[in-house]
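So that the names make sense, note that chain A is the first sequence line, chain B the second, and so on, each numbered from 1. This is a predicted model, so every value here is computed, not measured.
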Amino acid sequence: MSSGGTVLIAYRNRPWLSRADRGRIAQALILVLIAATAAVVPAGAARASANLIANPGLEGLDPTGFPVCWERSGWGDQSFTFGLASPGHTGANAIRVTLTTSPNGDRKAMMLENPSCAPNVTPGHRYDLSAWYTTTTANTVMTMFRHDVAQGWVYWTDLATLPVTSTWTRKTVRTPEVPAGTDQIVWGVTIYGVGTLQTDDYEMNDATQPAPEQSCSAGDACTRGVWQVLPFNSPVRAIHAVVLKNGNVLLVAGSGNDPDAFAAGTFTTAVYRPETGTFSNVPTPADLFCSGHVQLADGRVLIMGGNKDYPAADGSHGYKGLKNSYVFDPATGSYSRVNDMTAGSWYPSATIMGNGDVIALGGLGEDSSGTVATQYFKTSESRWLSLNEANQTWNFWGLYPSMILMQDGRLFYTGSHVFGNGLPGTGSSIYDYDANTITPVGGLQNKDQRDQSMSVLLPPAQDQKVLTIGGGNIDSNPDANRLTDLIDLKRADPAYTAGPPLPTGTLTGGVPQTSTQGKMYVSAVLLPDGKVFETGGGLHNRADPVYEASMYDPATNTFTPGLATDPVPRTYHSSAFLLPDGRVMSVGDNPGNGSFDMRLSIYSPPYLFHGARPQILHISENEWAYGSTHTITVDDPILRAELIRPGAVTHSSDPNQRFVDLPMSVNGDTIGLNLTSNPNIAPPGWYMLFVVGTNGVPSVARWVHVG
Amino acid sequence: MRIRRVLTLAGVVALVAAAAAVLVTLGRAALTPSSVAAAPAVTDSTWPYYSPAPAESGSPPPAARPGRTATASAVPAVSPAPFVQHFADGPTAGPQPMRRSPTAPLKVPAFVDGCDHNYGTRTQCVPLAFPDGVTGAAGKCSWLAAHGFTGLIVAGRDVQGLDADGDGTACD
């Protein structure tokens with residue numbers, strides 16, 4: 001008793017918990033708090049495994065019975081329902097979206113676009129997004145939006161088409177690098193056809209890989225790249241250049257702006273093999289000088305028009321356009337004739353459409369007049385439609401008008417053209433072949449001095465942005481300019497805005513350009529690292545080469561000046577294009593004195609000096625259907641993968657040049673590449689497949705066929 | 001001592017349980033991002049080479065779940081329709097008026113290339129307009145010489161006055 005009483009008294013006199021006990025509890029509390037904090041605070045790369053999605057299992061419901069942090073989204077005139085399916089993939093709930101009619105638009109359950117529900121992201125990071133789903137329609141796609149600190153919420157991109165499945169299936173896709181100025185994203189699974197889609201168990205993890213240490217021991221080449229003038233000349237005047245599906249290059253001269261050759265009926269073409277540095281001459285059936293050209297869906301090259309005559313010295317007639325058209329087959333190395341065009345075409349544009357057909361616009365006719373016909377090549381019938389079979393606007397589009405295919409099948413006339421002033425009005429427009437309308441687009445600076453500027457659809461094509469660079473005017477012959485113009489064709493009312501000025505270079509003799517001098521005859525080449533290399537050019541009409549090259553980065557809208565310059569002048573009748581090995585080839589120069597530079601230059605961009613090139617070890621197949629996923633294996637981790645359409649360029653004009661991002665489903669060195677379902681993003685044809693390593697170095701391309 | 005230890009242990013367990021309950025509630029209510037760790041190896045069961053990991057995401061295989069039809073292997077390949085966005089569909093400018101079928105050729109200047117083909121061979125290009133600051137016959141001839149023009153014939157008319165001696169060769 002006493003002892004017991006003593007114990008009790010002693011116990012009452014002591015604190016309820018000893019110092020040691022309090023310490024232990026404090027430690028435990030700290031551990032719990034750390035765990036809780038780590039669990040609830042959104043993390044970046046430091047916690048690569050945290051699921052960043054709020055209510056990922058859709059189990060928390062709001063008062064309306066819809067999952068917290070999710071919303072019913074979409075547009076269009078469908079008959080549709082949103083609801084919950086029970087049970088879900090796990091837990092009680094999944095979201096079910098059903099379309100019973102779908103004349104247009106789409107529906108999707110999306111994360112709420114608000115600060116507490118939309119996952120936070122870090123610019124420059126990449127994220128793996130995954131969801132479990134079932135769908136009864138192949139018209140199902142993962143779609144992302146991003147919150148731009150300047151623009152608000154904007155569409156970002158579509159990641160992957162989800163195949164039909166009646167069992168719960170998981171799809172995981174890695175985002176591209178989060179653009180600068182983005183602080184949050186939302187994403188979801190979209191249904192745009194009649195059917196039922198169920199989704200559940202969303203997940204989003206930071207998949208950013210640390211960049212390896214950059215090492216480069218190549219001196220100047222590390223930052224400027226390096227040019228090599230090949231020790232042999234082109235056997236033909238390389239006025240037209242087309243990269244073929246086998247990696248060779250078709251160089252077309254026709255008469256090559258050489259009236260003697262024209263008078264003699266000597267028309268030339270050569271095929272260059274970069275791997276061996278050898279050429280094959282190709283019998284050339286007509287004067288294909290001044291023709292248009294585009295790769296068809298099967299990899300053959302459609303050539304249209306050409307030069308029927310040079311201008312008379314007395315001005316009684318100008319250049320005359322041929323109606324002839326041919327197909328060049330890389331397999332046989334020969335031309336075969338197809339039916340004539342409906343009108344002569346000297347300097348026509350040629351754009352392949354999503355259905356594989358080709359629209360040619362502009363140029364000069366057989367009598368030197370402006371060709372106002374819309375000329376339509378129906379690939380399935382391998383023929384040019386007659387005038388009445390094609391929709392006609394009777395609009396004159398000028399010479400080599402740059403007509404870039406938009407994601408909805410319309411054509412964007414960029415305002416880049418050849419010779420003289422731009423078209424009347426704003427100088428750029430959107431042409432809808434189906435509706436037969438032309439709608440002006442504003443904002444292009446100095447549209448009458450964009451002669452022999454160059455326009456490119458910026459990487460990736462999914463972003464629908466176009467850059468137009470430089471230009472001059474051969475009629476008024478001012479100093480060519482430094483203008484650049486950027487347009488975002490995703491906007492409801494797209495308009496050009498001024499881009500950063502083109503860097504200045506030097507003129508003959510190393511004379512620095514003034515601050516207002518730029519260049520025409522610009523070549524712009526899409527590179528596999530997602531940047532645009534611009535090179536070559538001149539200050540005046542067929543005179544005064546400009547030695548300047550720079551790298552444009554679409555992600556930052558900046559030019560990196562001071563890249564190595566081609567030692568060979570590249571003005572009128574010059575071109576540059578990407579080779580499948582990641583280098584750039586530059587050809588041609590035809591100054592006003594009538595000479596022609598037959599030298600060939602090769603540019604190795606800085607990325608080729610920054611470490612090992614990733615290798616594509618295996619491709620599951622090289623026939624790629626739209627909306628499909630294809631597996632490759634690589635030897636090292638990669639940052640991105642893309643398709644680049646091979647060049648078909650002349651006169652600073654290659655409207656078909658495009659870089660199509662391939663969102664990746666990454667599983668170690670096995671990568672699923674997800675191709676868009678939209679042929680207007682990647683028109684059918686052969687493409688160069690590149691992957692880019694974590695060191696920023698691209699692979700050598702493998703060839704795949706789309707469509 | 002034993003009581004203290006029991007109390008201490010009970011306190012810690014209670015705290016951990018409470019924290020866990022809070023976390024589960026948060027995760028369920030989804031008011032904050034979930035703390036559920038992601039599977040480190042990301043998979044994609046639509047790949048041709050996919051073989052699902054048995055423990056992935058902790059859920060039973062779909063076929064074992066009641067009320068589901070498991071016919072994935074019989075799903076036919078169906079091509080999706082193109083997914084097209086409604087971009088650039090709100091221009092403030094209206095379309096240009098439709099043109100009628102032309103009744104006459106659209107005239108384009110014969111020297112559309114900006115070259116005065118009165119001079120030189122047809123591949124040469126004496127500019128119709130010289131760059132700023134290049135004026136007069138002397139200035140133009142000097143410019144032409146500096147740009148490699150030699151033996152420049154007058155093929156048409158000497159409209160720019162470059163053949164002062166009228167011998168059919170300009171700038172000599």
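Between A:N51 and A:E203 the shortest side-chain heavy-atom distance falls below 4.5 Å. For the pair B:R99/A:T393, no side-chain contact is recorded, criterion being any heavy-atom separation below 4.5 Å from C-beta on. With a 4.5 Å cut-off on side-chain heavy atoms, B:D172 and B:D167 count as touching.
Interface residues of residues 111-122 of chain B toward chain A, defined by a heavy-atom distance below 4.5 Å and sorted by number: B:F111, B:V112, B:D113, B:G114, B:C115, B:H117, B:N118, B:R122. Of residues 83-94 of chain B, those residues with a non-hydrogen atom less than 4.5 Å from any non-hydrogen atom of chain A are, in numerical order, B:F83, B:V84, B:Q85, B:H86, B:F87, B:A88, B:D89, B:G90, B:P91, B:T92, B:A93, B:G94. Within residues 151-162 of chain B, the residues approaching chain A closer than 4.5 Å by heavy atoms are, in numerical order, B:A155, B:G156. Inspection of non-hydrogen atoms places B:W143 of residues 134-144 of chain B under 4.5 Å from chain A.
For A:S476, the part lying near chain B is the backbone, with the side chain staying farther off; criterion is any non-hydrogen pair under 4.5 Å. For a residue to count as touching a neighbouring chain, one of its non-hydrogen atoms must lie under 4.5 Å from one of that chain's; by this rule A:W70 does not touch chain B.
Interface remark: of the candidates A:W75, A:F412, A:Y626, A:F262, A:W75 forms the most heavy-atom pairs closer than 4.5 Å to chain B. Chosen from A:P494, A:A160, A:G594, A:S255, the residue pairing most often with chain B at heavy-atom distances under 4.5 Å is A:G594. When A:P478, A:G627, A:P440 are compared by the number of non-hydrogen pairs under 4.5 Å with chain B, A:P440 comes out ahead.
Counting only N and O atoms by type, the side chains of A:D258 and B:T123 include no donor and acceptor under 3.5 Å apart. Residues A:D158 and A:T143 have side chains that bring a donor and an acceptor to within less than 3.5 angstrom of each other.
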Apply side-chain contact (heavy atoms from CB on, under 4.5 Å) to the pair A:T439 and B:Q96, showing each step before the final yes or no.
-> CA-CA 6 Å; A:T439 305; B:Q96 294 176 5; over 6 Å; no
